[in-house]
Amino acid sequence: VEEEEMMETGMIVIEKVRGKSTVTKSFSKYPLKFIIPRKVGPSWVDAVWIYALTFGGGIVSGDDISCKLEIGDGCTAVLTTQSSTKVYKSLGSKCSRQSLEAEIGSNSMLVLVPDPVTCFSTARFFQKQVFRVYSDSNLVLVDWITSGRHESGEKWDFTHYKSTNNIFLEGDQPLFLDTVLLEQGSTVPLAERMQDFQVIAMVVLLGPMLRHIQGQVQEDVKRMMAKQVQGSSAQWDRQIKSNTCDLANKPSLIASCSAFGHKGEGIIVRIASLTTESVYQFLKHQLAGLESLVGVLPYS
């Protein structure tokens with residue numbers, strides 16, 4: 001275990017102690033720090049909340065943060081942040097790295113609900129998250145990025161962003177493999193390719209305890225997109241007739257939803273938005289069903 005600690009920047013083990021989800025091991029070192037409140041939400045809700053912080057309020061060029069999370073059978077844990085993860089400017093070709101490896105036990109749940117990543121101009125960032133689950137494990141995963149520091153005039157101005165999320169079932173059976181790569185091209189700038197969108201987000205919901213939320217999210221996204229398609233086709237007809245292009249009526253958020261897994265046990269929602277606030281509102285609304293499971297409404 002001591003050798004593992006030397007390798008990791010942080011490690012948390014959660015086990016059942018006298019019938020309650022309990023942190024039995026917690027370790028972190030610079031630049032990572034964990035805050036674990038004694039209790040979040042009503043006393044009858046069995047969930048451990050963990051806040052991950054970095055000294056200096058962000059990830060500095062060349063930082064390599066590695067975290068391991070073990071959630072024992074029947075336990076519930078929430079891993080979140082207190083603000084957006086800032087990735088500072090890259091020095092030369094140095095890349096900032098962040099990795100998480102999580103083992104989610106039988107009949108357990110991990111809710112990973114961070115604030116978005118915000119990459120500064122010229123930043124290089126690579127994130128890899130690996131989740132090992134059982135057939136009755138439960139996972140909520142939110143992974144998202146903003147276009148940068150608007151107040152400084154930065155818009156998709158970073159050099160390289162790569163985020164990989166892999167879920168393996170009972171060992172090494174791939175259940176979900178996903179990578180998002182955003183980097184500056186030699187011909188068309190990233191900002192031009194992203195058009196007016198300022199936020200890209202992904203939400204994964206997996207496991208039997210989340211079935212009711214999965215169904216609600218699928219219905220909501222389907223209804224929302226159907227309404228926008230109907231509206232945009234009528235708007236397109238008007239624009240053709242009047243020979244104009246009205247960007248003001250562009251939807252502030254678009255989303256798609258699809259199932260994954262052999263029996264469709266998981267769903268993935270992909271989101272593109274004109275504002276960070278509209279994604280916060282979307283997440284708050286769609287994840288409202290988690291409140292009874294984790295004690296507090298995420299993103300409230």
Side-chain angles (χ1 to χ4, degrees), residues 1-16 21 23-28 32 34 48 50 52 64-80 95-114 117 125-145 160-182 201-211 213-214 217 256-270 293:
V1 172
E2 285 179 9
E3 282 182 20
E4 273 188 16
E5 285 186 1
M6 293 296 288
M7 297 287 289
E8 309 290 343
T9 317
M11 183 178 186
I12 288 182
V13 178
I14 297 168
E15 298 171 286
K16 278 280 191 191
S21 299
V23 176
T24 56
K25 183 177 180 61
S26 175
F27 156 81
S28 63
L32 181 66
F34 294 125
V48 171
I50 305 154
D64 192 345
I65 297 171
S66 175
C67 184
K68 192 166 186 183
L69 196 56
E70 293 179 12
I71 302 171
D73 294 350
C75 294
T76 297
V78 181
L79 181 59
T80 186
C95 186
S96 305
R97 297 174 183 273
Q98 181 169 277
S99 64
L100 169 68
E101 186 158 334
E103 296 178 14
I104 308 169
S106 176
N107 197 34
S108 295
M109 179 160 64
L110 171 62
V111 178
L112 186 57
V113 282
V117 170
F125 181 63
F126 173 56
Q127 172 180 267
K128 185 174 184 180
Q129 302 187 131
V130 177
F131 306 91
R132 302 191 184 278
V133 302
Y134 293 90
S135 58
D136 60 350
S137 300
N138 303 274
L139 172 66
V140 177
L141 163 63
V142 178
D143 188 22
W144 53 320
I145 179 174
H160 180 95
Y161 168 89
K162 185 178 181 181
S163 181
T164 295
N165 288 284
N166 294 339
I167 304 173
F168 294 97
L169 180 62
E170 292 175 13
D172 291 317
Q173 187 181 339
L175 182 64
F176 177 83
L177 306 174
D178 185 82
T179 295
V180 171
L181 174 63
L182 299 171
M202 178 184 81
V203 182
V204 171
L205 298 167
L206 171 70
M209 289 168 71
L210 301 168
R211 288 275 153 77
I213 301 176
Q214 288 177 345
V217 170
S256 68
C257 185
S258 56
F260 68 88
H262 307 299
K263 299 172 185 173
E265 52 266 61
I267 67 164
I268 173 171
V269 182
R270 296 194 189 275
L293 299 171

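Along the sequence shown, the residues carry numbers beginning at 1.
- Other residues, nucleotides and ligands place no more than 12 heavy atoms under 6.0 Å from the OH atom of Tyr134.
- Within the structure, the side-chain hydrogen bond (donor to acceptor under 3.5 Å, both in side chains) test picks out the following pairs touching residues 168-179 (sequence neighbours left out): Arg132-Asp172, Thr164-Thr179, Gln173-His262, Asp178-Arg270.
- Side chain of Ser137 to backbone of Gly105: a donor-acceptor contact under 3.5 angstrom is found.
- Of all non-hydrogen atoms in Ser26 and Phe34, the two that sit nearest each other are OG-CD1, 4.2 Å.
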Exercise for review: With side-chain contact (heavy atoms from CB on, under 4.5 Å) as the test, would you mind laying out the steps for Asn165 and Val204 before giving the verdict?
Suggested key: CA-CA 10 Å; Asn165 288 284; Val204 171; over 6 Å; no
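- When atom types are taken as modelled, the side chain of Gln214 and the backbone of Glu265 share a donor-acceptor pair closer than 3.5 angstrom.
- Judged as a side-chain hydrogen bond (donor to acceptor under 3.5 Å, both in side chains), the pairs with a partner in residues 102-111 (not counting sequence neighbours) are, in order, Ser106-Asp136.
- Judged by distance alone, with hydrogens and angles left aside, the side-chain atoms of Lys68 form no donor-acceptor pair with the main-chain N or O of Glu8 at under 3.5 Å.
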**Study point:** From CA spacing to verdict: side-chain contact (heavy atoms from CB on, under 4.5 Å), Thr76, Leu293
**Key:** CA-CA 8 Å; Thr76 297; Leu293 299 171; 5.8 Å; no
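- A distance-only check finds no donor-acceptor pair linking the side chain of Ser163 to the backbone of Val180 [under 3.5 Å].
- The nearest pair of heavy atoms linking Glu15 to Thr24 is OE1-OG1, 2.6 Å.
- Here the closest non-hydrogen pair linking Leu181 and His160 is CD1-CE1, 3.5 Å.
- Of all heavy-atom pairs between Pro208 and Ser135, the closest is CD-O, 4.1 Å.
- Taking both residues in full, the closest heavy atoms of Thr9 and Ile65 are given as OG1-CA, 3.5 Å, listed atom of the first, atom of the second, then distance.
- One distance of note links CD1 of Ile267 with CG of Leu210; it measures 9.0 Å at 0.5 Å rounding.
- The number of heavy-atom neighbours closer than 6.0 Å to NZ of Lys162, taken from other residues, nucleotides and ligands shown, is 12 or below.
- With rounding to the nearest 0.5 angstrom, the CD1 atom of Ile14 is 13.0 Å from the CG atom of Asp73.
- Within the model, atoms CZ of Phe176 and CZ of Phe168 stand 11.5 Å from one another, a figure rounded to the nearest 0.5 Å.
- A side-chain contact (heavy atoms from CB on, under 4.5 Å) with Leu79 is found for one member of Ile50, Ile12, Val48 and no other, namely Ile50.
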